[in-house]
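Just so we're on the same page: letters track the sequence lines, and every chain starts at 1. Heavy-atom basis, side chains included; hydrogens, waters and symmetry copies ignored. These numbers were taken from a predicted model, which means no experiment stands behind them.
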Amino acid sequence: MDLRKRSRTSAVEVEEKEREFKRITSSCNETKGSESVEEELLKDQREKEELEQHLRERESARTRKLTEPKASRTRSNAEDIQTLRKVSRHEYLKKREEKKLQELRDGIEDEQYLFDGVKLSEAEYHDLRHKKAIYDVLSKKKGLEGANNEYKMPEAYDDQRGVNQEKRFSVAMQRYSDPNAEKEEVWEEHQIRKATLKFGSKDKRQVCDDYQFVFEDQIDFIKAAVMDGDKFDYEEELALEKSKAKSSVLEALHEERKKLPIYPFRDEFLKAVHDHQVLVIVGETGSGKTTQIPQYLHEAGYTKNGRMIACTQPRRVAAMSVAARVSQEMGVKLGHEVGYSIRFEDCTSEKTVLKYMTDGMLLREFLAQPELESYSVVMVDEAHERTLSTDILFGLVKDVARARPDLKLLISSATLDAEKFSNYFDCAPIFKIPGRRYPVEIHFTKAPEADYLDAAIVTTLQIHATQPPGDILVFLTGQEEIETTEEILKQRMRGLGTKIAELIICPIYANLPTELQAKIFEPTPEGARKVILATNIAETSLTIDGIKYVIDPGFSKMKCYNPRTGMESLLVTPISKASAMQRAGRSGRTGPGKCFRLYTAYSFQNDLDDNTPPEIQRTNLANVVLTLKCLGIEDLINFEFMDPPPIDAIKKALELLYALSALNVGGKLTKVGRRMAEFPLDPMLSKMIVASEKYKCSDEVISIAAMLSVGNSIFYRPKDKQVHADNARMNFHTGNIGDHIAHLKVYNSWKENNYSTQWCYENYIQVRSMKHARDIRDQLAGLLERVEIELTSNSNDFDAIKKSITSGYFPHSARLQKNGTYRMVKHQQTVHIHPSSGLAEILPRCVLYHELVLTSKEYMRQVTEIKPQWLLEIAPHFYDLKDVENSSSNKMPRGHGLA
DNA sequence: GAGCACTGC
């Protein structure tokens, strides 16, 4: 097939598309509001004036700031800045409030407070008066408590004033129980408002104002507010709930469909799809785009030609649950007209017209049908998440669209990236759908926090003591952090005794056994409060109802890849602004929420990147390159990536594939390479399997491959039973067989025990991981048949198994040095055996490792001893005699290491 | 004698 670049869209076409795009967006606006063109223009003019005023004020603020020292992470500096800045901040606010009040008094609110058709209500007017009153109180207070006028972490309070824990909480408790503490409440409310950014159309004006004050650059946020705005009536929602109870299920579903924000745009949407081949859809969560769009297209006849509509999701559960929902709405059985396709599970049939699938699955389908003949529409949903698969799909799908004018392409995203997507797809029009979201108040700290963990704990307790009921979600970086936080929180809650309501602490991270994970979904008992300590898993992957408060320390662990050394590392890094918004949004899913960020507004604006770099730029590309080669794409450097990965990473991947003999000297796919591409695994693992044919041990090798690809979550190691867990693990390592064979033993023992769950508990092994390994193994066994490799067992010949491993992993070899550390054979890199390895204390002379991770040192994980001469035997093109001789001439005391 | 964010095929 031909996937080479076809001629680019001509300038005329682009121009026409742009015109169309404007028409579509404006027609959407027309249905939303009934303003005439003149009004629209007037509004624009007004907005422009406001913007200019903002810019002027910002400029003056900036010149003032230039004389101030830059904020740093140390407290003493921060305090200085605090005093310096407070004056200007306070002055500004006061001036602004006064201005607003003046305007109100002048009676020009009718004109002045019109924004997007929303007039300032009476309540808002009173709100402003209320604020003024607070100001009066505050300005009197100021002389006494000047230092306390800002939102500040109680910890800082401690440092300054020497107020101890009990004292603070006794104050908090007083307030908690005393409804008359109005002034305090009022003051706090005011503090909250000051640093608040709200979502929702009614608050649009406020968004601009507040934002303009807190941040340096407001452009992003004005857009966010525009994207959001829809009049969303809670009561309407309640009425809907009631009506649902009355009428029949199907009727209710139909009613519900009509209530979705996308419903009024149905016809325009269908027209846009009809007129354009590629369409970028922007819609917030809850707009109904994922469930409705494929149905609309189906109703409009896009499936009449016997072709399907595909909708891709980044996650398996999403694909499954959305498909289930849609089949319900359409009144058909799941798997018939509506189906889903995910790894290990193909729930589709001959009848299927709407197919929900994971993005990786569609990528696999490309291998079978490079022009996607069986689809009439492809919708890439959640495109803003930029997973590895979506990024590759973009390039492929863009190319297929050129070859197949009848194929419709929908790219759906929830963020401000829409224009980027549009530009990438030759200025495709953008179709906006309003979302449905509750307002979220965002709070920043006044001063930078040195210890975010402690700050998170203190904030949790503070919320618990002072805020109305509602669960708390805390974002932490990893398992260890979650465990320590849990301990400290429990300890502090014990210290508080029965004076305070119960706090239920629920940790959640991916490696947590499923039965413990279920705890977070249990409803919170009356009078208690739940605090969920989560990793990034709660950012996108799972939604927890009832969250009202989010605490965001602003960090997460991110995988980075160094193409030069080929080393992956997990580093704690500051999150991006997009990520921070996502986290904040988790508090506003079932009602208005609050988000407490443990960093300053200044660092949000200046230290955080706009977006997290897409995965494709920070990962090992070996698999990607193999897939693309298999699709016939020869020129990878010029492949149309939306964000091209580093050239070094592509080169490294090509080199590796060449070394594994998946590619020939000309860079063309070899027969081995084609076989390898059939396996949904890393090329080194695939090579190991393909090579097992030669050593007649494919049965064992696919077990090892399955175990290795489920990763490091096989052994469960709870903090309080570490010794037991370690002992259980070492049972599999008897005879210094190496970690690969130990994995095989684990798998085989589990199998011999009839895949028993009990056996897993006894051996501190995670059942979920083992089941996953079994699924992968079954799939691999099926694929062996496909590439015509016989399933042969050779369980007693460890050397044969190790040689198969060597065939895939020979570039990952290291040998022992005199000082007891290892050095990679082909690099000057010093490495160590990870302490969790069974060989950590054995120190064999020459080893292969599965992966290299950088934590406190460069550690090799999953290590197996090999004979140096195997390297020459198996990879003569990669190693020469010198490499191997070096290792044997390395003067080691006899009898040490290699037995 | 250290320490594994999250997906997906």
Exercise for the section: Indicate whether OP1 or OP2 belonging to dT7(B) is found under 4.0 Å from a side-chain N or O atom of T387(A). Expected result: no

Problem - R861(A) side chain near dA2(B) phosphate (N/O to OP1/OP2, under 4.0 Å) - result: no

Mind checking [X] for me? I need base, sugar-phosphate or nothing, with any heavy atom below 4.0 Å counting as a touch.
X	result
D682(A)	nothing
Q722(A)	base
I342(A)	sugar-phosphate
L570(A)	base
T535(A)	sugar-phosphate
Y509(A)	sugar-phosphate
T358(A)	sugar-phosphate
R315(A)	sugar-phosphate

Under a plain distance cut-off of 3.5 Å, with no hydrogens placed, do [Y] and [X] share a side-chain donor-acceptor pair?
X	Y	result
S703(A)	R777(A)	yes
S576(A)	D609(A)	no
S713(A)	S769(A)	yes
Q313(A)	Y340(A)	no
T477(A)	E481(A)	yes

Exercise for the section: Using the closest heavy atom to pick a nucleotide of DNA chain B for each, name whichever of D359(A) or N511(A) lands nearer the 5' end. Expected result: N511(A)

Problem - Earlier contact from the 5' end, DNA chain B, for N623(A) and T477(A) - result: T477(A)

Please report the distance, rounded to the nearest Å, between [atom1] in [X] and [atom2] in [N].
X	N	atom1	atom2	result
E851(A)	dA5(B)	CD	P	13 Å
Y340(A)	dC9(B)	OH	C1'	17 Å
L626(A)	dC9(B)	CG	C1'	13 Å
L363(A)	dC9(B)	CG	C1'	8 Å
F344(A)	dT7(B)	CZ	C1'	14 Å
M361(A)	dC9(B)	CE	P	7 Å

